[in-house]
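Here the structure comes first, spelled out in structure tokens, and everything after it is commentary.
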Protein chains: 2
Amino acid sequence: MSTLDQLDRALLAALAADHRATVVALAERLGLSRNTVQARLARLEASGAFASFERAIDPAPLGYPLEAFVAVHVRQKRLSEVVERIAAIPEVLQAHGLSGSVDLLVRVVCRDAHDLFRIDGEILAVDGVERTETSLSMGELIPYRLGPLLDR
Amino acid sequence: MSTLDQLDRALLAALAADHRATVVALAERLGLSRNTVQARLARLEASGAFASFERAIDPAPLGYPLEAFVAVHVRQKRLSEVVERIAAIPEVLQAHGLSGSVDLLVRVVCRDAHDLFRIDGEILAVDGVERTETSLSMGELIPYRLGPLLDR
DNA sequence: TTCCGATTGAGCAACATGCTCAGTCGATAC
DNA sequence: GTATCGACTGAGCATGTTGCTCAATCGGAA
């Protein structure tokens, strides 16, 4: 489980290129036997190298074209309650606890600017939240990529 | 291409649960014919509803257990050059252009705190970058999810 | 009604899967 | 040097899946 070797990474890269490729196709692409790929895939799956496939679904076609980050300042000691309440908002995609002055970085999607205003209000209304700073994403200037880390 | 219907969303949810499920298995799960699922899947694929599968790969098993957000203040007009330079850093996973006082929110992974210090230094050294504020992620308190948006 | 797109079930050849087994290879151990 | 180990390979086989086409059905919109 330590760290993945070159072969695992090549397999991940091949999967990234075509997430529904068959085992046979992957084996051919990597110049490996079918058996090896099957074993490696099973090991990757078991070791938790794959996060949920939800991460690879674009929210825009669902009708949520706008994305924003809400930096939340929380009254100390209330963090877990606050997280629980924020998690109840459907438009919240993800949230990270942070070191530093911002306690919580919340990633949200919304239908339009008005919708964002409403969601921000919902977060601000949570008991324990002191202040929020909302930044609208103007675009994913570097689209998520793992490539440079896989090519090593 | 407008917005996806109930059926598309159910299909996405089923895929999220098992990203390598066969078409037959998906059809069974949703109570649909194999043909329908095959047609829908092809349409989703063609319409760009799937982002790269890279997004569903956990960087931790690759040897990058730490994640951080670097808020970057950029001298105006230099944004595209700065983005280009930052994109050359392999540990940079993603970056969003933001409205507000922070111009760029950069998501990075690293091996340890020392590594983060180095990467932050690399970003700060980019010509056009005025200032950075780095926050270490203490955990993904709300793990990425689309579920609440799919269940509507 | 008439048309339309979406869905269905059937059928078929080609292919993929899951499994097992015996053989090969290189590294580390003794 | 040779024993042992884990990883990889190629073969085989029954069963399941894919990609495709077709004709039939259904409900909604013109």
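Numbers restart at 1 for each chain; the letters A, B, ... are given by sequence-line order, proteins then strands.
If you walk DNA chain C from 5' to 3' and mark each nucleotide with an atom closer than 4.0 Å to a heavy atom of chain B, the marks span C/dA6 to C/dG11.
Using a 4.0 Å cut-off between a side-chain N of Lys or Arg and a carboxylate O of Asp or Glu, A/Asp58 and B/Arg55 do not qualify as a salt bridge.
Contacts classified as ring pair (Phe, Tyr, Trp, His ring centres under 6.0 Å) and involving residues 97-119 of chain A (residues at least two apart or in different chains) are not found. Screening residues 142-152 of chain A for side chain to side chain donor-acceptor pair (under 3.5 Å), with sequence neighbours left out, gives A/Arg152-B/Tyr64. Sorted by first then second residue, the salt bridge (Lys or Arg N to Asp or Glu O under 4.0 Å) pairs that include residues 76-85 of chain B, not counting sequence neighbours, are B/Arg78-B/Glu81, B/Arg78-B/Asp127. The salt bridge (Lys or Arg N to Asp or Glu O under 4.0 Å) analysis of residues 18-36 of chain B, with sequence neighbours excluded, yields no pairs.
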Dump every N/O contact between nucleotides 14-16 of chain D and the protein below 3.5 Å, one line per pair.
none

Identify each atom pair where a protein N or O and an N or O of nucleotides 4-10 of chain D are less than 3.5 Å apart, giving names and distance.
residue: D/dC8; atom: OP1; partner: A/Arg40; partner atom: NE; Å: 3.3
residue: D/dC8; atom: OP1; partner: A/Arg40; partner atom: NH2; Å: 2.3
residue: D/dC8; atom: OP2; partner: A/Arg40; partner atom: NE; Å: 3.4
residue: D/dT9; atom: OP2; partner: A/Ser33; partner atom: N; Å: 3.0
residue: D/dT9; atom: OP2; partner: A/Ser33; partner atom: OG; Å: 3.1
residue: D/dT9; atom: OP2; partner: A/Thr36; partner atom: OG1; Å: 2.4
residue: D/dG10; atom: O6; partner: A/Asn35; partner atom: ND2; Å: 2.3

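Classification of the A/Phe53-B/His19 ring pair by plane angle, with boundaries at 30° and 60°, yields parallel.
Judged by distance alone, the side chain of A/Glu54 and the main-chain N or O of B/Leu146 form a donor-acceptor pair under 3.5 Å.
An OP1 or OP2 oxygen of D/dG19 is reached within less than 4.0 angstrom by a side-chain nitrogen or oxygen of B/Gln38.
With sequence neighbours left out, the side-chain contact (heavy atoms from CB on, under 4.5 Å) criterion links B/Asn35 to B/Ser33, B/Gln38. In terms of the salt bridge (charged side-chain N to carboxylate O under 4.0 Å, His left out) criterion, A/Asp120 has no residue partners (sequence neighbours excluded). Annotation: side chain to side chain donor-acceptor pair (under 3.5 Å) contacts of A/Ser135 (sequence neighbours excluded): none.
Residue B/Val126 is grouped with residue B/Leu116 when hydrophobic side chains (ILVMFWY) are merged at heavy-atom distances under 4.5 angstrom, including chains of intermediate members. With hydrophobic clusters built from ILVMFWY side chains whose heavy atoms lie under 4.5 angstrom apart, A/Leu136 does not share a cluster with A/Phe69. A/Leu98 and A/Leu104 fall into different hydrophobic clusters, where Ile, Leu, Val, Met, Phe, Trp and Tyr residues are linked whenever their side-chain heavy atoms come under 4.5 Å apart, directly or through other members.
End-to-end axis angle of the helix from C/dT1-D/dA30 to C/dC30-D/dG1, from C1' rotation axes over five pairs per end: 40° (rounded to 10 degrees).
Applying the side-chain contact (heavy atoms from CB on, under 4.5 Å) test between A/Val72 and each of A/Leu105, A/Thr134, A/Thr132 identifies A/Thr132 as the sole match.
Atom CG of residue A/Leu141 and atom CD1 of residue B/Ile86 lie 9.5 Å apart, to the nearest 0.5 angstrom.
Near DNA chain C, defined here as any heavy-atom distance below 4.0 Å, there are no residues from residues 17-30 of chain B.
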